[in-house]
J.: 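Here you go, one structure.
Scope of the values below: all heavy atoms of this structure, side chains included, with no hydrogens, waters or symmetry mates.
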Amino acid sequence: MFFSVFIVTFFTWLILTNSLEPSEVVIGLIVSIVVSTTFTRYYSIKFDWKLPVRILRFVFIYLPVFIWEMIKANLDVAVRVLNPSLPLNPGFVKVKTSLKGKNSKLALANSITLTPGTLTLDVKDEELYIHWVDVKATSEEQKQKHITTKFEKILKKIFE
Amino acid sequence: MSIIGYLLIIIGAFFYFLGGLGMFRMPDVYNRLQAGTKATTLGSFSTLLGVGLVNPAFLGKALLIIAFIALTNPVGSSVLARAAYLKGVKPTSKTVVDEYADEATKKAGEEQ
Amino acid sequence: MSILSYLFFGLIGLGVILAFLRMILGPTSADRLAALDMLNIILTGTIAILALTFNNGLYLDIALVYGLLSFVETIVIARYLEAKK
(Lines give C-alpha, C1' and ligand atoms only; values in the text may rest on other atoms or scores of the structure.)
Protein backbone atom coordinates (compact mmCIF):
# COMPACT_ATOMS: atom_id res chain seq x y z
CA MET A 1 0.00 0.00 0.00
CA PHE A 2 2.71 2.44 1.05
CA PHE A 3 4.91 1.24 -1.79
CA SER A 4 2.30 1.82 -4.51
CA VAL A 5 1.74 5.44 -3.44
CA PHE A 6 5.51 5.91 -3.34
CA ILE A 7 5.89 4.68 -6.94
CA VAL A 8 3.16 6.99 -8.24
CA THR A 9 4.60 10.01 -6.42
CA PHE A 10 8.15 9.35 -7.55
CA PHE A 11 7.05 8.82 -11.15
CA THR A 12 5.19 12.16 -11.12
CA TRP A 13 8.34 13.82 -9.73
CA LEU A 14 10.44 12.37 -12.56
CA ILE A 15 8.06 13.71 -15.21
CA LEU A 16 7.89 17.13 -13.57
CA THR A 17 11.63 17.67 -13.15
CA ASN A 18 12.31 16.11 -16.54
CA SER A 19 15.92 15.19 -15.69
CA LEU A 20 17.93 12.28 -14.25
CA GLU A 21 20.65 14.20 -12.39
CA PRO A 22 21.63 12.44 -9.13
CA SER A 23 20.82 15.44 -6.93
CA GLU A 24 17.32 15.79 -8.41
CA VAL A 25 16.65 12.06 -8.03
CA VAL A 26 17.80 12.03 -4.38
CA ILE A 27 15.59 15.01 -3.48
CA GLY A 28 12.74 13.31 -5.35
CA LEU A 29 13.22 10.13 -3.29
CA ILE A 30 13.11 12.06 -0.01
CA VAL A 31 10.03 14.09 -1.02
CA SER A 32 8.21 10.97 -2.27
CA ILE A 33 8.90 9.10 0.98
CA VAL A 34 7.58 12.00 3.09
CA VAL A 35 4.51 12.51 0.88
CA SER A 36 3.65 8.81 0.69
CA THR A 37 3.97 8.22 4.45
CA THR A 38 1.75 11.24 5.11
CA PHE A 39 -0.96 10.65 2.53
CA THR A 40 -1.15 6.84 2.25
CA ARG A 41 -4.51 6.61 3.98
CA TYR A 42 -6.21 8.91 1.46
CA TYR A 43 -5.16 6.89 -1.59
CA SER A 44 -6.74 3.69 -2.79
CA ILE A 45 -4.57 2.47 -5.65
CA LYS A 46 -4.64 -1.29 -5.87
CA PHE A 47 -1.48 -3.00 -7.10
CA ASP A 48 -1.82 -6.64 -8.03
CA TRP A 49 -0.56 -9.03 -10.66
CA LYS A 50 -3.28 -8.12 -13.12
CA LEU A 51 -2.26 -4.45 -13.17
CA PRO A 52 -0.30 -4.50 -16.48
CA VAL A 53 -3.27 -6.16 -18.21
CA ARG A 54 -5.57 -3.55 -16.74
CA ILE A 55 -3.34 -0.68 -17.86
CA LEU A 56 -3.14 -2.15 -21.37
CA ARG A 57 -6.94 -2.47 -21.43
CA PHE A 58 -7.25 1.10 -20.22
CA VAL A 59 -4.96 2.48 -22.92
CA PHE A 60 -6.08 0.38 -25.88
CA ILE A 61 -9.79 -0.21 -25.21
CA TYR A 62 -11.01 2.60 -22.96
CA LEU A 63 -9.06 5.60 -24.31
CA PRO A 64 -9.99 5.25 -28.02
CA VAL A 65 -13.70 4.88 -27.19
CA PHE A 66 -13.47 7.79 -24.75
CA ILE A 67 -11.72 10.13 -27.19
CA TRP A 68 -14.11 9.24 -30.01
CA GLU A 69 -17.10 9.92 -27.75
CA MET A 70 -15.55 13.23 -26.69
CA ILE A 71 -15.12 14.38 -30.27
CA LYS A 72 -18.73 13.40 -30.97
CA ALA A 73 -19.82 15.31 -27.86
CA ASN A 74 -18.04 18.44 -29.02
CA LEU A 75 -19.50 18.29 -32.52
CA ASP A 76 -22.89 17.92 -30.83
CA VAL A 77 -22.23 21.01 -28.69
CA ALA A 78 -20.99 22.92 -31.73
CA VAL A 79 -24.13 22.11 -33.73
CA ARG A 80 -26.37 23.12 -30.84
CA VAL A 81 -24.55 26.35 -30.07
CA LEU A 82 -24.15 27.55 -33.66
CA ASN A 83 -27.77 26.77 -34.54
CA PRO A 84 -29.75 30.06 -34.34
CA SER A 85 -32.82 28.38 -32.81
CA LEU A 86 -30.79 26.67 -30.03
CA PRO A 87 -32.41 23.19 -29.99
CA LEU A 88 -32.78 22.02 -26.39
CA ASN A 89 -34.89 19.41 -24.66
CA PRO A 90 -33.28 19.20 -21.23
CA GLY A 91 -34.18 17.20 -18.16
CA PHE A 92 -32.81 15.51 -15.03
CA VAL A 93 -32.85 11.71 -15.12
CA LYS A 94 -31.92 8.93 -12.70
CA VAL A 95 -29.89 5.96 -13.94
CA LYS A 96 -28.93 2.80 -12.10
CA THR A 97 -25.40 1.48 -12.41
CA SER A 98 -24.03 -1.95 -11.60
CA LEU A 99 -20.50 -0.76 -10.79
CA LYS A 100 -19.49 -1.13 -7.14
CA GLY A 101 -16.04 0.39 -6.50
CA LYS A 102 -15.38 4.05 -5.77
CA ASN A 103 -12.76 4.46 -8.48
CA SER A 104 -14.88 2.85 -11.15
CA LYS A 105 -17.82 5.08 -10.25
CA LEU A 106 -15.61 8.15 -10.49
CA ALA A 107 -14.38 7.03 -13.90
CA LEU A 108 -17.95 6.36 -15.03
CA ALA A 109 -19.15 9.76 -13.81
CA ASN A 110 -16.28 11.52 -15.56
CA SER A 111 -16.90 9.60 -18.78
CA ILE A 112 -20.59 10.48 -18.68
CA THR A 113 -19.82 14.15 -18.15
CA LEU A 114 -17.60 14.25 -21.21
CA THR A 115 -19.85 12.27 -23.56
CA PRO A 116 -22.61 13.76 -25.76
CA GLY A 117 -25.25 15.79 -23.98
CA THR A 118 -24.92 14.46 -20.44
CA LEU A 119 -23.61 15.91 -17.17
CA THR A 120 -23.40 13.99 -13.89
CA LEU A 121 -24.93 15.87 -10.97
CA ASP A 122 -24.74 13.45 -8.09
CA VAL A 123 -23.80 9.87 -7.30
CA LYS A 124 -25.61 8.11 -4.50
CA ASP A 125 -25.01 4.41 -3.83
CA GLU A 126 -26.01 2.80 -7.12
CA GLU A 127 -27.86 5.69 -8.68
CA LEU A 128 -26.46 8.40 -10.90
CA TYR A 129 -28.37 11.65 -11.33
CA ILE A 130 -27.74 13.11 -14.75
CA HIS A 131 -28.61 16.33 -16.54
CA TRP A 132 -29.43 15.43 -20.13
CA VAL A 133 -29.63 18.11 -22.84
CA ASP A 134 -31.78 16.05 -25.19
CA VAL A 135 -34.04 13.63 -23.30
CA LYS A 136 -34.76 10.77 -25.69
CA ALA A 137 -36.23 8.16 -23.36
CA THR A 138 -37.82 7.83 -19.94
CA SER A 139 -37.94 4.06 -19.37
CA GLU A 140 -35.13 2.57 -17.27
CA GLU A 141 -33.74 0.24 -19.95
CA GLN A 142 -33.70 2.87 -22.67
CA LYS A 143 -31.94 5.35 -20.39
CA GLN A 144 -29.27 2.80 -19.51
CA LYS A 145 -28.80 1.93 -23.15
CA HIS A 146 -28.35 5.58 -24.12
CA ILE A 147 -26.11 6.71 -21.28
CA THR A 148 -24.23 4.09 -19.28
CA THR A 149 -24.01 0.69 -20.99
CA LYS A 150 -21.14 1.47 -23.33
CA PHE A 151 -18.71 2.61 -20.63
CA GLU A 152 -19.98 0.29 -17.93
CA LYS A 153 -18.93 -2.80 -19.88
CA ILE A 154 -15.41 -1.50 -20.47
CA LEU A 155 -14.89 -0.12 -16.96
CA LYS A 156 -16.08 -3.32 -15.35
CA LYS A 157 -13.26 -5.19 -17.07
CA ILE A 158 -10.69 -2.60 -16.03
CA PHE A 159 -11.56 -1.92 -12.41
CA GLU A 160 -13.34 -5.01 -11.13
CA MET B 1 5.00 17.54 -37.35
CA SER B 2 4.87 21.20 -36.39
CA ILE B 3 2.17 21.81 -39.04
CA ILE B 4 -0.04 19.21 -37.33
CA GLY B 5 0.81 20.86 -34.01
CA TYR B 6 -0.26 24.33 -35.17
CA LEU B 7 -3.40 22.86 -36.72
CA LEU B 8 -4.27 21.24 -33.37
CA ILE B 9 -3.71 24.55 -31.56
CA ILE B 10 -6.07 26.33 -33.96
CA ILE B 11 -8.73 23.63 -33.47
CA GLY B 12 -8.29 24.00 -29.72
CA ALA B 13 -8.67 27.79 -29.93
CA PHE B 14 -11.83 27.32 -32.00
CA PHE B 15 -13.29 25.03 -29.33
CA TYR B 16 -12.43 27.62 -26.66
CA PHE B 17 -14.42 30.12 -28.72
CA LEU B 18 -17.34 27.65 -29.00
CA GLY B 19 -17.24 27.14 -25.24
CA GLY B 20 -17.48 30.89 -24.69
CA LEU B 21 -20.35 31.15 -27.16
CA GLY B 22 -22.16 28.26 -25.45
CA MET B 23 -21.61 29.85 -22.07
CA PHE B 24 -23.15 33.05 -23.40
CA ARG B 25 -26.12 31.67 -25.35
CA MET B 26 -27.44 28.77 -23.27
CA PRO B 27 -30.50 29.51 -21.13
CA ASP B 28 -29.62 28.12 -17.68
CA VAL B 29 -26.68 27.09 -15.48
CA TYR B 30 -26.83 23.38 -16.26
CA ASN B 31 -26.82 23.80 -20.04
CA ARG B 32 -24.09 26.40 -19.76
CA LEU B 33 -21.97 23.97 -17.79
CA GLN B 34 -22.58 21.28 -20.41
CA ALA B 35 -21.33 23.46 -23.23
CA GLY B 36 -18.54 25.06 -21.23
CA THR B 37 -17.07 21.88 -19.79
CA LYS B 38 -17.09 19.78 -22.94
CA ALA B 39 -15.78 22.42 -25.30
CA THR B 40 -13.00 23.61 -23.01
CA THR B 41 -11.87 20.09 -22.11
CA LEU B 42 -11.42 19.05 -25.73
CA GLY B 43 -9.97 22.49 -26.50
CA SER B 44 -7.34 22.03 -23.79
CA PHE B 45 -6.51 18.50 -24.95
CA SER B 46 -6.04 19.71 -28.50
CA THR B 47 -4.08 22.86 -27.59
CA LEU B 48 -1.70 21.09 -25.19
CA LEU B 49 -1.12 18.19 -27.58
CA GLY B 50 -0.39 20.76 -30.29
CA VAL B 51 2.12 22.56 -28.06
CA GLY B 52 3.77 19.20 -27.31
CA LEU B 53 3.99 18.29 -30.99
CA VAL B 54 5.47 21.63 -32.09
CA ASN B 55 8.17 21.45 -29.42
CA PRO B 56 8.84 17.79 -28.39
CA ALA B 57 10.69 18.93 -25.24
CA PHE B 58 7.34 20.06 -23.83
CA LEU B 59 5.50 16.81 -24.65
CA GLY B 60 5.87 15.03 -21.27
CA LYS B 61 4.60 17.95 -19.23
CA ALA B 62 1.84 18.70 -21.71
CA LEU B 63 0.58 15.11 -21.39
CA LEU B 64 0.68 15.44 -17.58
CA ILE B 65 -1.42 18.62 -17.73
CA ILE B 66 -3.85 16.82 -20.07
CA ALA B 67 -4.20 13.98 -17.54
CA PHE B 68 -4.85 16.43 -14.70
CA ILE B 69 -7.44 18.35 -16.72
CA ALA B 70 -9.21 15.12 -17.72
CA LEU B 71 -9.43 14.17 -14.04
CA THR B 72 -10.32 17.52 -12.48
CA ASN B 73 -12.50 19.37 -14.97
CA PRO B 74 -15.54 17.00 -15.02
CA VAL B 75 -15.42 16.68 -11.23
CA GLY B 76 -15.40 20.46 -10.84
CA SER B 77 -18.39 20.96 -13.11
CA SER B 78 -20.32 18.12 -11.41
CA VAL B 79 -19.78 19.69 -8.00
CA LEU B 80 -20.80 23.06 -9.40
CA ALA B 81 -24.00 21.73 -11.00
CA ARG B 82 -24.95 19.95 -7.78
CA ALA B 83 -24.27 23.06 -5.72
CA ALA B 84 -26.43 25.12 -8.07
CA TYR B 85 -29.29 22.62 -7.81
CA LEU B 86 -29.15 22.33 -4.04
CA LYS B 87 -28.95 26.09 -3.72
CA GLY B 88 -32.25 26.28 -5.60
CA VAL B 89 -31.29 27.65 -9.04
CA LYS B 90 -34.32 26.98 -11.25
CA PRO B 91 -33.75 25.04 -14.49
CA THR B 92 -35.05 26.60 -17.69
CA SER B 93 -38.76 26.35 -18.47
CA LYS B 94 -38.04 23.98 -21.37
CA THR B 95 -37.04 21.24 -18.92
CA VAL B 96 -38.94 18.02 -19.62
CA VAL B 97 -38.41 15.75 -16.61
CA ASP B 98 -36.87 16.24 -13.17
CA GLU B 99 -36.10 13.05 -11.26
CA TYR B 100 -33.59 14.72 -8.94
CA ALA B 101 -36.16 16.88 -7.10
CA ASP B 102 -37.08 14.23 -4.49
CA GLU B 103 -33.46 13.51 -3.69
CA ALA B 104 -32.66 17.21 -3.34
CA THR B 105 -35.52 17.89 -0.94
CA LYS B 106 -34.48 14.86 1.12
CA LYS B 107 -30.96 16.20 1.29
CA ALA B 108 -32.14 19.67 2.31
CA GLY B 109 -34.25 18.07 5.07
CA GLU B 110 -31.29 16.15 6.44
CA GLU B 111 -29.20 19.25 6.80
CA GLN B 112 -31.69 21.07 9.01
CA MET C 1 4.24 32.31 -37.53
CA SER C 2 2.90 35.69 -36.38
CA ILE C 3 -0.26 35.48 -38.55
CA LEU C 4 -1.08 32.15 -36.92
CA SER C 5 -0.59 33.70 -33.48
CA TYR C 6 -3.12 36.40 -34.38
CA LEU C 7 -5.56 33.69 -35.45
CA PHE C 8 -5.48 31.62 -32.29
CA PHE C 9 -5.13 34.45 -29.85
CA GLY C 10 -8.03 36.17 -31.63
CA LEU C 11 -10.28 33.11 -31.33
CA ILE C 12 -9.38 32.62 -27.67
CA GLY C 13 -9.96 36.34 -27.05
CA LEU C 14 -13.48 36.14 -28.48
CA GLY C 15 -14.24 33.15 -26.25
CA VAL C 16 -12.87 34.96 -23.21
CA ILE C 17 -14.96 38.08 -23.95
CA LEU C 18 -18.15 36.02 -24.25
CA ALA C 19 -17.45 34.12 -21.04
CA PHE C 20 -16.61 37.41 -19.31
CA LEU C 21 -19.91 38.93 -20.44
CA ARG C 22 -21.66 35.95 -18.87
CA MET C 23 -19.70 36.56 -15.69
CA ILE C 24 -20.89 40.18 -15.57
CA LEU C 25 -24.49 39.50 -16.65
CA GLY C 26 -24.99 36.10 -14.96
CA PRO C 27 -28.28 36.21 -13.05
CA THR C 28 -27.11 33.90 -10.25
CA SER C 29 -23.79 33.37 -8.51
CA ALA C 30 -23.67 29.82 -9.90
CA ASP C 31 -23.60 31.29 -13.44
CA ARG C 32 -20.70 33.51 -12.48
CA LEU C 33 -18.78 30.62 -10.98
CA ALA C 34 -19.40 28.49 -14.09
CA ALA C 35 -17.99 31.27 -16.27
CA LEU C 36 -15.01 31.67 -13.92
CA ASP C 37 -14.29 27.93 -14.06
CA MET C 38 -14.32 28.09 -17.84
CA LEU C 39 -12.04 31.13 -17.91
CA ASN C 40 -9.56 29.29 -15.67
CA ILE C 41 -9.31 26.37 -18.06
CA ILE C 42 -9.00 28.63 -21.09
CA LEU C 43 -6.19 30.45 -19.29
CA THR C 44 -4.39 27.14 -18.59
CA GLY C 45 -4.33 26.41 -22.30
CA THR C 46 -3.32 29.97 -23.14
CA ILE C 47 -0.34 29.82 -20.78
CA ALA C 48 0.77 26.66 -22.58
CA ILE C 49 0.59 28.53 -25.90
CA LEU C 50 2.65 31.32 -24.33
CA ALA C 51 5.29 28.71 -23.45
CA LEU C 52 5.50 27.95 -27.15
CA THR C 53 5.54 31.62 -28.21
CA PHE C 54 8.35 32.59 -25.81
CA ASN C 55 10.02 29.18 -26.15
CA ASN C 56 10.33 28.83 -22.38
CA GLY C 57 9.46 25.57 -20.61
CA LEU C 58 8.84 27.25 -17.26
CA TYR C 59 5.42 28.45 -18.45
CA LEU C 60 4.23 24.85 -18.52
CA ASP C 61 4.93 24.52 -14.79
CA ILE C 62 2.88 27.66 -14.24
CA ALA C 63 0.06 26.17 -16.34
CA LEU C 64 0.12 22.95 -14.28
CA VAL C 65 0.00 24.73 -10.93
CA TYR C 66 -2.64 27.16 -12.19
CA GLY C 67 -4.83 24.27 -13.38
CA LEU C 68 -4.61 22.46 -10.04
CA LEU C 69 -5.28 25.61 -8.01
CA SER C 70 -8.26 26.55 -10.19
CA PHE C 71 -9.75 23.11 -9.51
CA VAL C 72 -9.41 23.61 -5.76
CA GLU C 73 -10.88 27.10 -6.09
CA THR C 74 -13.95 25.82 -7.99
CA ILE C 75 -14.58 23.06 -5.45
CA VAL C 76 -14.23 25.38 -2.46
CA ILE C 77 -16.52 28.12 -3.83
CA ALA C 78 -19.09 25.52 -4.96
CA ARG C 79 -19.13 23.97 -1.49
CA TYR C 80 -19.54 27.43 0.01
CA LEU C 81 -22.49 28.25 -2.26
CA GLU C 82 -24.11 24.89 -1.51
CA ALA C 83 -24.00 25.40 2.24
CA LYS C 84 -24.99 29.07 2.15
CA LYS C 85 -28.47 28.68 0.55
J.: Going by the ring pair (Phe, Tyr, Trp, His ring centres under 6.0 Å) test, which pairs reach into residues 36-77 of chain B, not counting sequence neighbours?
T.: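 Residue pairs passing ring pair (Phe, Tyr, Trp, His ring centres under 6.0 Å), neighbours aside: none found.
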J.: Does the pair B/Lys61/C/Asp61 count as a salt bridge with the N-to-O cut at 4.0 Å?
T.: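 A salt bridge links B/Lys61 with C/Asp61.
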J.: To the nearest 0.5 angstrom, please state how far the OG atom of B/Ser77 sits from the OH atom of B/Tyr30.
T.: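 Here the interatomic distance stands at 13.0 Å.
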J.: Report yes if some heavy atom in the side chain of C/Asn40 is under 4.5 Å from a heavy atom in the side chain of C/Leu36; otherwise report no.
T.: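 Yes, side chains in contact.
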J.: Under 4.5 Å heavy-atom distance to chain B, tell me which part of C/Asp37 shows up: side chain, backbone, both or neither.
T.: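 The side chain, not the backbone.
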J.: Where does B/Leu48 contact chain C at under 4.5 Å (heavy atoms): side chain, backbone, both or neither?
T.: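 The answer is the side chain of B/Leu48.
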J.: By a 4.5 Å heavy-atom criterion (distance strictly below it), what part of C/Leu7 contacts chain B: side chain, backbone, both, or neither?
T.: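 The side chain, not the backbone.
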J.: Side chain, backbone, both or neither: which part of B/Thr40 has a heavy atom under 4.5 Å from chain C?
T.: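 Both backbone and side chain.
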J.: With only heavy atoms counted, which part of B/Thr72 is less than 4.5 Å from chain C, the side chain, the backbone, both or neither?
T.: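 Both the backbone and the side chain of B/Thr72 come within 4.5 Å of chain C.
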J.: Can you tell me which portion of C/Ile77 sits under 4.5 Å from chain B's heavy atoms? Options are side chain, backbone, both or neither.
T.: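 When you check distances to chain B, no heavy atom of C/Ile77 falls under 4.5 Å.
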J.: Quick one: what part of B/Leu33 sits under 4.5 Å from any heavy atom of chain C, side chain, backbone, both or neither?
T.: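 Contact with chain C: side chain only.
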J.: Measuring heavy-atom distances to chain B, does C/Leu68 have an atom under 4.5 Å in its side chain, in its backbone, in both, or in neither?
T.: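 Side chain only.
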J.: Kindly check if the number of other-residue, nucleotide or ligand heavy atoms within 6.0 Å of CD1 (B/Ile3) is above 12?
T.: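 Check fails, neighbour count at 12 or below.
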